[in-house]
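Below: the structure, in structure tokens.
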Amino acid sequence: MKRKGRIRFPRKTVEKRILVAVIFFLVFGFFLACFLLTPKITLKGNLQEVVNVGSKYKEKGYKASYFKQNLNNMVIVKGKVNTKKQGVYSLYYSVKKGPFTAKAKRIVEVKDIEKPEITLKGEKDTKICPGTKYEEEGFEAKDNVDGDLTKEVKVKDAKDKIIYQVKDKSGNERKIVRTIVEKDDTPPMIELVDGENVFAYQGEGYQEAGYQAKDNCSGDVTNKVFITGEVDTNKLEDQTLTYEVMDEYENRQEVKRVVHIIHHNSPGTIYLTFDDGPKQGTTNVILDILKEENVKATFFVTGSGPDELIKREYDEGHTVGLHTYSHNYGTVYQSVDSYFKDLQAVHDRVQNITGYDSRIIRFPGGSSNTISKRYQQGLMTTLTKEVIARGYSYYDWNLESGDAGTLTSAEAIYQNVISHLSKNRVNMILMHDIKSYTRDALKKIIVYGKENGYHFEKITPQTEMMKQRINN
Ligand SMILES: [Zn+2]
């Protein structure tokens, strides 16, 4: 009888199968071993990178290891990326350990991905006068690869805006917009002939020096200027006129002019003026003498000397004028800015000590000095106008005591001064309160003046300026 349900393999077939399995495991084991024994390399960043032409390619790095050992410094990288030239570059990374090598590859594409730049001349948000057409102010287009693309720019006028478009050879497109609004919000400009500070003599007629007003949209609007304020030259004080104008879109402008009322210098007047101080030992004695004689004088002070002497000058009724802070020619006459910076410093010193906003100045070396030529041609021509425009008055002199030159004794200074005094004019005497012989000559000069019918005055904002001839 035959038995059922049982398959019987021939012995030979069984052996064959075992053999196949053994071989399979051996091969598998071999590859597994190879895999485990091969070092590992992985790339940081992307395996495919895109870099803008002309920029720098920055390698993102890699990580190479063998079990727990770091093999980064054994990695060899082959291939180069030339970012100056568009193209596709390959980088090959490999690391070797024993007979096993690990490899990786990165593809770097260098291409132009940068848009051209368009720069507009004029404003990006432009206002134009109502009812007018915008006139192109110009533009420029530049590309990192193609260079100047200005001629390639397409300009589209879309009524309230203008669209500028340009594409480079790689297809990168830039589009910018200039908006146009019909609106005038710019006020007119008023220009005053002779500036914002003018002078008129007491009791004499005031002549308006004139003005001009111009508007960006309305043009010449001089005839629309309205002046408020009146000049009464009988009043010996500063008077302000206001000039006002409006354009047709109600933009308003206003400027002010100060009319300084001054008096003619009366002949026979003596102005004692002292420069370069204050100084302890001389200025204080000079102040004592002036007090005894009840005479007022003018001090053109600097940054030197004690504060309390400036305070005394002011408190005792003298005029504190400004002579510059440093009194250093190389500093004050370096430039217009440099001069005003130095002047401001001494102005602020005086104001801090006395509370007085002094506008009375004397240039170091006088307005006729030539030393300023060393630093800037034509400087005094500019400065003498500019100080007045800024609300100052300057005073030179017409009588030198000699104390800054060759005379070094009180007697010599006294003789020099009295021999040059004149009843037919004003006598503005240049002296220096830092000199001992000036201090010692002062009493006799005052006594001589009083006995011979002169009268003494201090400079005030109403004193007519004393101007020498300008030589630079
Ligand atoms: Zn001086």
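Read the numbers this way: they start at 1 and go in the same order the structure lists the ligands and their atoms. Residues: numbered from 1 along the sequence shown.
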- Message: Restricting to side-chain contact (heavy atoms from CB on, under 4.5 Å), what partner residues turn up for I128, sequence neighbours left out?
- Response: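 So I128 forms a side-chain contact (heavy atoms from CB on, under 4.5 Å) with T126, T132, Y134, I180, E182.
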- Contacts of type side-chain contact (heavy atoms from CB on, under 4.5 Å), residue D288, not counting sequence neighbours: R312
- Message: Strictly below 4.0 Å, N to O, side chains only: are R349 and D307 in salt-bridge contact?
- Response: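 Salt bridge: yes.
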- Task: Could you list all the ring-ring contact (aromatic ring centres under 6.0 Å, His included) pairs where at least one residue sits in residues 357-392, not counting sequence neighbours?
- Result: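 Those involving residues 357-392 are Y339-F363, F363-Y394.
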- With the side chain counted from C-beta on, respond yes when L407 and Y437 share a heavy-atom pair under 4.5 Å apart, and no when they do not. no
- Query: By residue and atom, what protein N/O/S atoms are less than 2.8 Å from the Zn ion (ligand 1)?
  - Reply: D276 OD1, H323 NE2, H327 NE2
- Message: Under a plain distance cut-off of 3.5 Å, with no hydrogens placed, do D433 and T282 share a side-chain donor-acceptor pair?
- Response: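 The answer is no; no qualifying pair exists.
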